[in-house]
There are 2 protein chains.
Amino acid sequence: MLHSSLYKDTLLENVIPFWENHSIDHEFGGYFTCLDRKGDIFDTDKFIWLQCRQVWMFSFLYNNVAENEKWLDIARIGIDFLLKCGRDAEGNFYFSTTREGEALVQPYNIYSDCFATMAFAQYGKATQNQKYIDIARATYHNIIRRSNNPKGKYEKRTSARPLKSFSLPMILSNLVMELSEVLDAEEQERTIDYSVHEVMNQFFDPESGLILENVNQDGSLSDTFEGRLINPGHGLEAMWFMMDIGEKRNDQELIHKCCEIIINLLEFGWDDQYGGIFYFLDIKGHPPQQLEWDQKLWWVHLETLIALSKAYYHTGNQELLDWYNKVHDYTWSHFPDQDYDEWFGYLNRRGEPLLDLKGGKWKGCFHVPRAMYQCWKTFELIENNTNKNK
Amino acid sequence: MLHSSLYKDTLLENVIPFWENHSIDHEFGGYFTCLDRKGDIFDTDKFIWLQCRQVWMFSFLYNNVAENEKWLDIARIGIDFLLKCGRDAEGNFYFSTTREGEALVQPYNIYSDCFATMAFAQYGKATQNQKYIDIARATYHNIIRRSNNPKGKYEKRTSARPLKSFSLPMILSNLVMELSEVLDAEEQERTIDYSVHEVMNQFFDPESGLILENVNQDGSLSDTFEGRLINPGHGLEAMWFMMDIGEKRNDQELIHKCCEIIINLLEFGWDDQYGGIFYFLDIKGHPPQQLEWDQKLWWVHLETLIALSKAYYHTGNQELLDWYNKVHDYTWSHFPDQDYDEWFGYLNRRGEPLLDLKGGKWKGCFHVPRAMYQCWKTFELIENNTNKNK
């Protein structure tokens, strides 16, 4: 297949240069993420979680690909902005700021903090500077402290229907794997146990074989808009987080369970008419509330390629390879921009670009490069015939 | 043309029977609004502003079409539910409740209250019962009291970029016209003055000739995602509210200004490729944040038909009639369901149904019947040759 070189070359010759060339704010620090098709800036607001994700990405490249000082400099520009402007007095990370760094949107959830923890941990590892590790640890503990009521005073829901959301255990399951230098082993294992339990026993719905976005406190299905919601890309992304945990723990049962769920999610989420994976679906087939339900998003397809390549690497299962090839063909023929660097993020149901931006409020320097790296490394293992077919 | 009978017949033989037959919750009171194509209930949550709008609609029909006791009974079922379950201890109306009436989502904005005021005022008029008029007045004063900070503690934005939003003055301009029995004339006139000033001098952008959704405190354009946002249907809807005020006040200058803006909004918002009016656009042509930007929504097209029919009635202008015919052809050939009653709400850019629901979280018994009534009455005037061509 030689997919490894496709992913590696795209990462290093197309995707990373785009962000190096267009996103750096040399005047006020941090990164522009609202970049049009060519890389021109169309808005200057700074979304903290995207700032964090870009710090993480460049630090990660420095730690895992090459000790390129340029990458560390780019990460530092984001770290300095976050230190100066990213947090309120209690250490909670804002949702967004102006270009200059004045807070625009309050810390109304804890996703900024999750990606801040990852950013400071990777940057601390790259610089071997304890100061950043300490901030990562403090931010992590702030997340845990807030996890029972992540929206705080901004929570609009009453206690009448106390659903729990998939997002936090899902993010934690990936985040905690990055914190070997930040947490002691016992605390890390405890959070891994929690996140595996939540994902595989609470949000996994045995009847459908799918992953739910919101469940009752006991993990049962809530027959409500929120409870019926399926976000196939979210579930597929979580499956590779779980398989990474399975690999760390040599838990083959967990890995094989993930492979089953991956196939279930793809069979449920694939658009037989136009190809690609739907963004949102209702488990009972009712109309979802999300008007963007039928759109094809870059991250959904990239996270699926990571999940499928890892699943195939671990099992050698032909059905997984067939799905990989199907999603690969769709993804690589629809998302890359043939004329300029980086990928389109948002396609309509028919696979035509809905927005021609390369970055915005929700798309930054994260899913494309992370997927390129993950698939590059996984296909290197597959191609070197070291796959652990069982 | 004889459009009046098309609108009248659709209202009385198709749209109202749909809600009469499918939406009433005889067990717990109030209305189901999550109704599929055939009218079957797919979710039982109750969205307070939709409860209010249906009360308003049936009370309005009773007051303006026929003193049909069935309509008053249906309105009463909603009023009783609102009285029992709709408000918190401070008299703020919730956003949503369970089927049984337990509060689900807090009063995090004041749109529920706006439609509650309209509901209680119309129902009070229908029943000639002062109790409901008093609730309408108290709710109206609660809106005015909260209008400087409508989201209260749920406001996530800092004070760094204090934009003001078009929604409140726009809704007030329509709401206050309903309150002749509720407010004294001076207070009514004061709010009319305020809303006309806000819509025509603050949110109207003289450079583009368009209506903005969010402006700086002085009414100037904010070059930000929020500030660049255009919602053509919102602006078009506001134009018929303004023309109704112009008619009440015999302000021909206001009416003619509205007609200009209507044409500007249509020229800007019309999709030359597939027809129909876009949902959201960026005034500078940048990618909007709203992923649903290119969709064609029922209310956008219906409010436009009301605006155009009134504009043509007042002016006899051929350009307005040409636009009316263009929007009429698109709307009547795409939104009505040929097989079941009521209209589709959400089409994709190409005009195909995106969701086949007849009601949901945001679509209830309101825009379709209100537009049928408004266009019926306006075309009756036009057809009776009483149009005031100037």
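All values below come from the heavy atoms of this structure, side chains included, with hydrogens, waters and symmetry mates left out. Here is how names work: the chains are called A, B, and so on, in the same order as the sequence lines, proteins then strands, and each is numbered from 1. Quick caveat, the model's predicted, so the values are computed rather than measured.
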* Of the backbone (N, CA, C, O) and the side chain (C-beta and beyond), which part of Asp223(A) lies under 4.5 Å from a heavy atom of chain B, both, or neither? -> backbone
* Asked: What class does the angle between the rings of Phe225(A) and Phe42(B) fall in, given that below 30° is parallel, 30 to 60° is tilted and above 60° is perpendicular?
  -> perpendicular
* So which heavy atom on Leu291(A) is nearest to which on Gln295(B), and how close? -> O-NE2, 3.0 Å
* Asked: For Gln290(B), is it the side chain, the backbone, both or neither that has a heavy atom under 4.5 Å from a heavy atom of chain A?
  -> neither
* Rounded distance (nearest 0.5 Å) linking atom CG of Asp43(A) with atom CD of Glu226(B) -> 8.0 Å
* **Enclosure of Glu207(A) CD (heavy-atom neighbours >12, cutoff 6.0 Å)** => no
* Structure fact -> Applying a strict 4.5 Å limit to non-hydrogen atoms, the region of Phe95(B) in contact with chain A is neither
* Asked: Who among Lys284(B), Glu102(B), Gln106(B) has the most heavy-atom pairs with chain A under 4.5 Å?
  -> Gln106(B)
* Asked: Quick one: what part of Glu100(B) sits under 4.5 Å from any heavy atom of chain A, side chain, backbone, both or neither?
  -> neither
* Atom pair CG/NZ of Leu104(A) and Lys156(B) - distance to nearest 0.5 Å -> 13.0 Å
* Identify which of Glu292(B), Arg228(B), Arg161(B), Glu155(B) forms the greatest number of heavy-atom pairs closer than 4.5 Å to chain A. => Arg161(B)
* Is it the side chain or the backbone of Tyr154(B) that comes within 4.5 Å of chain A heavy atoms, both, or neither? -> both
* Would you mind checking which part of Pro107(B) comes under 4.5 Å of any heavy atom in chain A, side chain (CB onward), backbone (N, CA, C, O), both or neither? => neither
* Structure fact -> Smallest heavy-atom separation, Ala103(A) atom then Ala160(B) atom, equals O-CB, 3.3 Å
* More than 12 heavy atoms from other groups under 6.0 Å of NZ on Lys164(B) -> yes
* Side-chain donor or acceptor of Trp293(A) paired with backbone N/O of Leu354(B) under 3.5 Å -> yes
* To do: Could you tell me whether a side-chain N or O of Thr158(A) sits under 3.5 Å from a main-chain N or O of Val105(B), the two making a donor and an acceptor?
  => no
* **NE2 on His286(A) to CG on Asp36(B), rounded to 0.5 Å** => 8.5 Å
* Please state whether the side chain, the backbone, both or neither of Arg349(B) comes within less than 4.5 Å of a heavy atom of chain A. => neither
* **Heavy-atom proximity to chain A below 4.5 Å, by part of Asp294(B)** => side chain
* **Leading residue by heavy atom contact count with chain B [cutoff under 4.5 Å; candidates Pro288(A), Pro287(A), Ser96(A), Gly360(A)]** => Pro287(A)
